[in-house]
Amino acid sequence: MSTFYVTTPIYYANGEPHAGHAYTTIAADVLARYHRIKGNEVSFLTGVDEHGANIDKTAETEGLTPQAFCDKLAPIFTKLWERLNISNDIFLRTTSELHKRGIRKFLTALYESGDVYKAPYEGHYCRPCERFFPEKELTDEKICPIHKLPLEWVKEENYFFRLSKYQDRLLQHYSDNPDFVYPESRRNELLNVLESGLEDTSISRSSVSWGIPLPFDPEHIAYVWIDALPNYITALGYDADSEKYRTFWPANVHMMAKEITRFHALLWPAMLMAANLPLPKQIVAHGWLTKDGEALSKTRGIFIDMDGDIETYGVDAFRYYLMREFSFGNDGDYRPTRLHQRYNADLANDLGNLLNRVLGLVNKNFDGIPAPSTPDDIDTEIVEMAQTTSEKLDEHMATFAFDSALETIWEFVRRVNRYVQQTEVWTLAKPETIPRMGTILYNCLEALRYISVLISPYVPETAEKIQKQIGLSEFDTVAEWGRLPVDIEVSRGEPIFPRIDLKKETAKQEKKTKEQKSSLISFADFQKMDLRVGSVTSAEPIEGADRLLKLQVDLGTEKRQVVAGIAEHYKPDILIGKKVIVVVNLEPATIRNVESHGMILAASDESVVLVSPETEVPLGTQVR
RNA sequence: GCCGGUGUAGCUCAGUGGUAGAGCACACGACUCAUAAUCGUGCUGUCCGGAGUUCGACUCUCCGCACCGGCACCA
């Protein structure tokens, strides 16, 4: 028996969980459950990341303290995990004492490694802006690009982690452990970054208040990622060097979506090296979900209706679909119609109906599960296929090929259906063939039990229902042929996956469109924006930026310079004289060394189309 | 602009240096134990385009096109 520690990221708790979170967590759950039935000792961690300026800010807009806001949000996550049958052993909150103690210990270790230094961060500082300006954003005069005031040369203390020092060791680790990052495409990307050099990274924020103070200098708050990443050890009781920690660390798999692999595969290992702790074995990144071919987007109202689909098809169908349809690591397109097809074809027709027809025959012809007699060749074939299915499944699980794993199991399901067909069991209910019928039906039932074990990591409820109907009182997790006892009574129940017709589905979809809710803002919020009509007087490309144009806009009373990301859609000369809508009270910014004082409104999707008044209006007219 | 990936049947994808495969969908047939389920048979493909290497390429190399991703960058 070995141990297996799998984690999801701790999700950032400034909003409700969505299908992407569910996908990561289900994948991790499948791994955890798989290792449990293999007899391994498993720990499965998920949780929420509750610190940082963003949460502070969101809490404030809701009129809550950050802690109260987090206390409200955390249960939303745990409820979803319950609904999705997630079998996590730990749910970690970064506001917990356990985590805080662990972080303090970890940061102290990091500090004592000598690779944390207090950098007298010095630079050109603008007092009104309350920020530093990097050299590259400035011209020779060293004036604030926004306020046009001379900048001060200011020194501020800040803590840095000497990430650059670990570049070589990381490269070495990557080459010694080719599987460290999965899939390979991500690994290559990271190697690219590694080879082009790492810079030391700041690990503290003095402007942020909602977080964990650095143990060696409480004036500074740990940067969110520095606070978050060590959750993988703090959750196990790293602070007290607990038994659990020593048993499970290093983790076998850190599961996550692809956008956060850099933190996990570069920064986190380097931090562990500095603290002299072992590194996780594998960083596994999956792709993103799209919906009917479109990127998910809160503002555009494109989301995956988990609740609706789960209500219609059940949790297991949802889990099955996510794991079966998408090749792990790549982006996957979530399509309700495909879910529907998968449900009917794989779950209802192939599996559900197989169970039902076999139980029907047993019920009608035997008092309980019949005893098998001498097997024919065809029977042996089934037994052998069960074995090879299990072996192939193991291979696929080792490479996170959940889709292939399920396909492999379903080949067996279909084989058993064919077995029933080929042997024509239903014709054998005569005295002279009854023993033969018993043998075949025993094999079918045992095949179903065997299948239920194999699918249990993916569809745990279904697996249990199958075994219950077969007559087992306790769930048997062992994939070894012949464990099914004879003479026990089967209890054929309702079909486990009743077929669902499309009518119901369309009705559901109508309901869905009706419910497309948007997040509302108050009129006061809207009034905060000062929108004006302007006219473009000049437009030119910005060197080294494909998307940007530098525009001069006449607002009647004043002229503004605005940078707009429209170069891919508008040629500079067509823009001259064009009427546009400008957000004039947007805070200024410097982009690609060019100052921007406002923003041009445009409808933007795949294409970008400028918004313009319908007829002539004076320049400077307010837009409401 | 730099780096990487992908492009195979209507759909989702697998695949090998020797004249193409699975599942779904579709058509026909068989069967009736079963959830209008199951089983069998069949169907469509310039395997993105072009050039090259080779006796022979969908499979290798190069060029191009399209799409996707990473970085630079989207006020």
Side-chain angles (χ1 to χ4, degrees), chain A residues 146 183-193 195-196 258-259 261-262 285 287-288 290 293 295 324-327 329-333 335 337-338 340-365 401 403-404 406-408 410-411 413-429 437 440-441 444 492 494-501 542-549 561-569 582-602 604 608:
Chain A
I146 292 154
E184 210 182 339
S185 53
R186 293 293 142 205
R187 173 189 146 87
N188 290 339
E189 272 171 26
L190 291 165
L191 276 173
N192 238 329
V193 175
E195 276 156 10
S196 67
K258 63 188 182 184
E259 77 278 7
T261 42
R262 301 171 72 122
W288 286 341
T290 54
R324 173 66 185 87
E325 188 89 347
F326 307 133
S327 93
N330 301 324
D331 289 357
D333 191 25
R335 292 153 71 179
T337 48
R338 292 289 299 168
H340 184 264
Q341 283 174 1
R342 284 283 176 201
Y343 177 89
N344 275 346
D346 297 359
L347 299 176
N349 296 352
D350 287 347
L351 182 60
N353 182 57
L354 174 64
L355 176 70
N356 207 236
R357 72 194 298 206
V358 169
L359 289 177
L361 286 164
V362 174
N363 257 349
K364 199 188 276 182
N365 300 290
D403 56 334
S404 310
L406 285 169
E407 170 61 19
T408 300
W410 252 257
E411 276 169 22
V413 173
R414 286 191 283 265
R415 181 65 191 89
V416 179
N417 261 320
R418 196 164 0 124
Y419 175 61
V420 173
Q421 207 70 21
Q422 286 173 326
T423 54
E424 297 185 7
V425 243
W426 59 88
T427 63
L428 303 177
M437 186 183 208
I440 294 166
L441 289 179
C444 288
R492 183 192 192 193
E494 291 299 302
I496 53 174
F497 292 109
R499 270 183 72 88
I500 293 172
D501 62 45
I542 292 172
E543 199 183 330
D546 294 348
R547 291 188 179 155
L548 304 183
L549 288 180
Q561 174 169 295
V562 176
V563 174
I566 56 172
E568 286 170 329
H569 306 274
V582 184
V583 185
V584 293
N585 62 341
L586 190 64
E587 60 182 12
T590 302
I591 300 139
R592 266 279 157 179
N593 249 335
V594 179
E595 298 158 32
S596 182
H597 299 270
M599 175 174 171
I600 306 290
L601 293 191
S604 107
V608 170

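By convention in this document, chain letters (A, B, ...) are assigned in the order of the sequence lines, proteins followed by strands, and residues within each chain are numbered from 1.
Pair assignment for G52(B) gives C60(B), based on Watson-Crick or G-U wobble hydrogen-bonding distances that are each under 3.5 Å. The partner of A20(B) is absent, by the rule that a Watson-Crick or G-U pair needs both atom distances under 3.5 Å. Checking G69(B) for Watson-Crick or G-U wobble geometry (two distances, each under 3.5 Å) identifies C3(B) as its partner. A27(B) and U41(B) make up a base pair, with Watson-Crick or G-U wobble contacts both under 3.5 Å.
Looking at heavy atoms from C-beta onward, Val193(A) lies in side-chain contact with Arg262(A) at the 4.5 angstrom threshold. Between Leu601(A) and Val583(A), the closest side-chain pair of non-hydrogen atoms falls below 4.5 Å.
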For this session: Go through the steps for Leu428(A) and Ile440(A) under the test side-chain contact (heavy atoms from CB on, under 4.5 Å), then give the verdict.
Result: CA-CA 10 Å; Leu428(A) 303 177; Ile440(A) 294 166; 3.8 Å; yes
For this session: With salt bridge (charged side-chain N to carboxylate O under 4.0 Å, His left out) as the test, would you mind laying out the steps for Glu411(A) and Arg414(A) before giving the verdict?
Result: CA-CA 5 Å; Glu411(A) 276 169 22; Arg414(A) 286 191 283 265; 5.4 Å; no
For this session: Check the pair Arg499(A) / Asn353(A) against side chain to side chain donor-acceptor pair (under 3.5 Å), numbers first and verdict last.
Result: CA-CA 10 Å; Arg499(A) 270 183 72 88; Asn353(A) 182 57; over 6 Å; no
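The CD atom of Glu189(A) sits 11 Å away from the P atom of G69(B) (whole-angstrom rounding). Distance, Glu424(A) CD to A30(B) P: 14 Å, rounded to whole Å. Spacing between atom CH2 of Trp426(A) and atom P of A34(B) amounts to 11 Å, rounded to whole angstrom units. We find that CZ of Arg357(A) is positioned 7 Å from P of C39(B), with the value rounded to whole Å. Remark: C1' of U35(B) and CZ of Phe497(A) are 12 Å apart, rounded to the nearest angstrom.
A distance of about 26 Å separates the P atoms of G42(B) and C48(B), rounded to the whole Å. Nucleotides G7(B) and G45(B) have their C1' atoms positioned 14 Å apart, rounded to a whole Å. Atom name C1', nucleotides G17(B) and U12(B): the rounded distance is 27 Å, in whole Å. Straight-line distance between the C1' atoms of C47(B) and U6(B): roughly 14 Å, to the nearest whole Å. Only the C1' atoms considered, C73(B) is 38 Å distant from C58(B), to the nearest whole Å. Taking the P atoms as reference points, C55(B) lies 16 Å from G18(B), given to the whole Å. Nucleotides G50(B) and C71(B) have their P atoms positioned 35 Å apart, rounded to a whole Å. The separation of U41(B) from C60(B), taken at their C1' atoms, amounts to 38 Å, rounded to a whole angstrom.
Within 4.0 Å of Val425(A), counting heavy atoms only, lies no atom of the nucleic acid at all. Among the heavy atoms of the strands lying under 4.0 Å from Arg492(A) are primed sugar atoms or P, OP1, OP2 only; no base atom is included. Leu548(A) comes within 4.0 angstrom of sugar-phosphate atoms only, judged by non-hydrogen atoms across all strands, and of no base. Counting any heavy atom pair closer than 4.0 Å across all strands shown, Asp403(A) reaches no nucleic acid atom.
Listed candidates were A22(B), A75(B), A34(B). Nearest to the side chain of Glu407(A) is A22(B). Side-chain proximity of Asn417(A) to the nucleotides C33(B), C24(B), U38(B) is greatest for U38(B). Here the nucleotide nearest the side chain of Lys258(A), chosen from C24(B), U38(B), G69(B), is G69(B). Here the side chain of Ala345(A) is nearest to one of C24(B), C33(B), A75(B), namely C24(B). The side chain of Arg335(A) has U12(B) as its nearest neighbour among C39(B), A34(B), U12(B). Checked against A75(B), G70(B), C33(B), the side chain of Val420(A) finds its nearest nucleotide in C33(B). For Ile496(A), whose side chain is taken as the heavy atoms from C-beta onward, the closest listed nucleotide among C24(B), G70(B), U35(B) is U35(B). In the set C33(B), U38(B), C11(B), the nucleotide with an atom closest to the side chain of Asp350(A) is U38(B).
For U12(B), the base has no donor-acceptor partner in the side chain of Glu325(A) [N/O atoms by modelled type, under 3.5 angstrom]. No donor-acceptor contact under 3.5 Å links the side chain of Asn356(A) to the base of A34(B).
At G5(B), none of the side-chain N or O atoms of Asn188(A) fall inside 4.0 Å of OP1 or OP2 (strictly under the cut-off). Side-chain nitrogen and oxygen atoms of Arg499(A) include at least one within less than 4.0 Å of the OP1 or OP2 phosphate oxygen of A37(B). Listed pair Arg418(A) / G40(B) meets the phosphate criterion, a side-chain N or O lying under 4.0 Å from OP1 or OP2. The shortest distance between the side-chain N/O atoms of Arg262(A) and the OP1/OP2 oxygens of C71(B) is below 4.0 Å.
Between atom SG of residue Cys444(A) and atom CG of residue Leu361(A) there is a gap of 8.5 Å, rounded to the nearest 0.5 Å.
Checking Arg418(A) against Gln421(A) by side-chain atom types alone, no donor-acceptor pair falls below 3.5 Å.
Ranked by how close their nearest RNA chain B nucleotide is to the 5' end, Val413(A) and Arg342(A) are led by Arg342(A). With the nearest nucleotide of RNA chain B identified for both Val583(A) and Arg414(A), Arg414(A) has the one nearer the 5' end.
Counting heavy-atom neighbours within 6.0 Å of Glu259(A) CD, excluding the residue itself, gives a total above 12.
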